[in-house]
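Here the structure comes first, spelled out in structure tokens, and everything after it is commentary.
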Amino acid sequence: MNSSQDTIYAQACENISDFQFDDRVAGVFNDMIKRSVPGYGQIINTLGDFADKFVTPSSHVYDLGCSLGAATLNIRRHIDGRNCRIIAVDNSESMVERCSQNLSAYVSDTPVDLVCADIRDINIENASMVVLNFTMQFLAPDDREMLLKKIHNGLVPGGLLVLSEKLTFEDAPVQSLLDQLHLDFKRANGYSELEISQKRSSLENVMKPDSLPQHEQRLREQGFSHFSVWFQCFNFASMVAIK
Ligand SMILES: C[S@@+](CC[C@H](N)C(=O)[O-])C[C@H]1O[C@@H](n2cnc3c(N)ncnc32)[C@H](O)[C@@H]1O
Ligand SMILES: O=C(O)C(=O)C[C@]1(C(=O)O)C=C[C@@H](O)C=C1
């Protein structure tokens, strides 16, 4: 997947505006997320392995907040021949436009409905797998419960939700340690102190991470019977919840 280098926060800016998934971000997103989220590549690859195990014939797979289609592309490779349909949803027109180009670069017999919409407004039905890969953290906290309820209702029995999120920690020294390790990861990937601090300010009002206990409690309250963290690196984790 092509992407220019992310230099969005490289120049000092007087007023940092709230982070948006606009055309500028979409154009560098592949580079941005790989250099910002430790374990992103491994998570994307493993989504294909989950699909192998969970996606049942003639069912639906939902990729909610699909961005450039990295998750959809990987899952699709694993489920060809199962008569399934992937519904990939994002409310950023720039992301959807680029996602469409990325999807058409590969041949597959699994149709993808690429929808430019708010994930709070779509129907979920006959789903054997739903992916929320670093998307729910951008929803208003009050909307998360309703989204997870809708996902639970739309999953078939034994269906899988993969939920990846940035985390907060109730223990202050742990929070500080994992935050620092994440900052070191960004520095090692070539981001300057200015880039790191300007991006942090721009995300402050729009990205509201939860703690692991909050995630587990909310998922169980919405009816998920099985829950585990399957991957964690610093303050980023990916969880599985099974209906
Ligand atoms: C961090 S990115 C997700 C990365 C992507 N899932 C991946 O694995 O490469 C978050 C995405 O969610 C989308 N998004 C945020 N809130 C949304 C909403 N309410 N409805 C639909 N898409 C949303 C953004 O436009 C953005 O593309
Ligand atoms: O927490 C940060 O510093 C991030 O950059 C995280 C994060 C994310 O988790 O989605 C935020 C925005 C971009 O989508 C890429 C990465």
Side-chain angles (χ1 to χ4, degrees), residues 1 3 6 8-9 18-48 50 61-75 86-99 102-103 114-122 124 130-144 146-147 150-151 162-168 175 178-187 189 191 195-210 231 233-238:
M1 203 182 289
S3 178
D6 169 25
I8 289 179
Y9 296 100
D18 280 351
F19 188 85
Q20 282 182 25
F21 292 96
D22 56 15
D23 204 49
R24 219 151 69 104
V25 168
V28 299
F29 187 70
N30 193 34
D31 179 68
M32 172 188 275
I33 194 150
K34 280 196 213 148
R35 289 165 66 208
S36 304
V37 176
Y40 174 75
Q42 188 179 342
I43 292 170
I44 289 292
N45 285 336
T46 309
L47 288 173
F50 283 129
V61 175
Y62 289 81
D63 180 6
L64 305 179
C66 62
S67 297
L68 302 179
T72 288
L73 278 168
N74 238 287
I75 291 167
I86 302 178
I87 299 97
V89 186
D90 204 290
N91 66 354
S92 157
E93 279 179 21
S94 304
M95 288 291 193
V96 169
E97 208 170 285
R98 287 179 161 83
C99 183
N102 291 335
L103 295 179
L114 179 57
V115 188
C116 190
D118 194 302
I119 58 174
R120 290 167 292 196
D121 299 333
I122 59 149
I124 297 186
V130 177
V131 174
L132 274 168
N133 206 35
F134 302 108
T135 301
M136 196 177 78
Q137 60 199 9
F138 291 102
L139 290 193
D142 286 350
D143 293 342
R144 297 175 189 184
M146 159 293 247
L147 175 70
K150 182 170 72 170
I151 291 171
V162 184
L163 173 63
S164 311
E165 294 266 299
K166 190 173 187 181
L167 297 177
T168 57
Q175 174 73 58
L178 298 184
D179 209 25
Q180 283 174 44
L181 289 168
H182 177 225
L183 294 185
D184 287 344
F185 172 85
K186 286 193 163 188
R187 289 180 187 115
N189 284 328
Y191 283 122
E195 285 176 292
I196 291 170
S197 80
Q198 293 195 134
K199 179 147 185 228
R200 174 169 276 215
S201 309
S202 83
L203 282 169
E204 214 152 42
N205 295 323
V206 287
M207 192 174 88
K208 305 274 182 203
D210 292 318
F231 177 89
C233 186
F234 311 145
N235 45 356
F236 289 82
S238 187

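In each ligand, atom 1 is the first atom listed, and ligand 1 is the first ligand listed.
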Would you say [X] has any N or O atom under 3.5 Å from an N or O of ligand 1, going by distance alone?
| X | answer |
| --- | --- |
| Ile119 | yes |
| Asp63 | no |
| Gln137 | no |
| Gly65 | yes |

Taking only heavy atoms of [X] into account, list the atoms of ligand 1 that are under 4.0 Å away from them.
| X | result |
| --- | --- |
| Phe29 | 1 (C), 2 (S), 4 (C) |
| Ala117 | 20 (N), 21 (C) |
| Tyr40 | 7 (C), 8 (O), 9 (O) |

Open item on the list: Looking at ligand 1, would Ile44 count as a contact under a 4.0 Å heavy-atom criterion?
Closed with: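 Distance cut 4.0 Å: Ile44 passes for ligand 1.
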
Open item on the list: Against ligand 1, does Ala26 come closer than 4.0 Å with any heavy atom?
Closed with: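 No.
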
- [ ] Just jot down the side-chain contact (heavy atoms from CB on, under 4.5 Å) partners of Leu203, sequence neighbours excluded, or say none.
- [x]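 Partners of Leu203 by the side-chain contact (heavy atoms from CB on, under 4.5 Å) criterion, ordered by chain and then number, come out as Phe19, Phe138, Lys199, Val206, Met207.
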
- [ ] Apply the test side-chain contact (heavy atoms from CB on, under 4.5 Å) to residues Asp63 and Leu47: give CA-CA distance (whole Å), side-chain angles for both, the deciding distance (0.1 Å), then the verdict.
- [x] CA-CA 11 Å; Asp63 180 6; Leu47 288 173; over 6 Å; no

Determine whether a donor-acceptor pair (N or O, by modelled atom type, separation under 3.5 Å) exists between the side chain of [X] and the backbone of [Y].
| X | Y | value |
| --- | --- | --- |
| Asn189 | Arg35 | yes |
| Gln137 | Glu165 | no |
| Ser92 | Phe21 | yes |
| Asn102 | Leu68 | yes |
| Asn133 | Ser164 | no |
| His182 | Ser36 | yes |
| Asp6 | Asp31 | no |

- [ ] For atom 14 (N) of ligand 1, state which one of Asn91, Asp143, Leu147, Val115 supplies the nearest heavy atom.
- [x] Asn91

Nearest protein heavy atom to [atom], by residue and atom, and its distance?
| atom | value |
| --- | --- |
| atom 19 (N) of ligand 1 | Asp118 OD1, 3.2 Å |
| atom 11 (C) of ligand 1 | Ser67 OG, 3.5 Å |
| atom 1 (C) of ligand 1 | Phe134 O, 3.1 Å |
| atom 8 (O) of ligand 1 | Asn133 ND2, 2.8 Å |

TODO: State whether the number of non-hydrogen atoms from other residues, nucleotides or ligands found under 6.0 Å of Arg187 atom CZ is greater than 12.
DONE: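 Enclosed: over 12 neighbouring heavy atoms sit under 6.0 Å from CZ of Arg187.
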
TODO: Could you see which bit of Leu139 sits under 4.0 Å from ligand 1, with heavy atoms only: side chain, backbone, both or neither?
DONE: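 Near ligand 1, Leu139 shows its side chain, while the N, CA, C and O stay back.
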
Open item on the list: Working to the nearest 0.5 angstrom, can you tell me the gap between Leu183 CG and Arg200 CZ?
Closed with: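 That separation rounds to 5.0 Å.
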
Starting from the N and O atoms of ligand 2, find every protein N or O within less than 3.5 Å and list the pair with its distance.
| residue | atom | partner | partner atom | Å |
| --- | --- | --- | --- | --- |
| ligand 2 | 1 (O) | Lys166 | NZ | 2.7 |
| ligand 2 | 3 (O) | Lys186 | NZ | 2.5 |
| ligand 2 | 5 (O) | Lys186 | NZ | 3.3 |
| ligand 2 | 5 (O) | Lys199 | NZ | 2.6 |
| ligand 2 | 9 (O) | Gln137 | NE2 | 3.0 |
| ligand 2 | 10 (O) | Gln137 | NE2 | 3.2 |

TODO: Flag the pair Lys150 and Asp121 as a salt bridge only when some basic side-chain nitrogen lies within less than 4.0 angstrom of an acidic carboxylate oxygen.
DONE: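 Result for this pair is no, no salt bridge flagged.
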
TODO: For the pair Arg120 and Asp118, find out whether any cationic side-chain nitrogen is under 4.0 Å from an anionic carboxylate oxygen.
DONE: yes

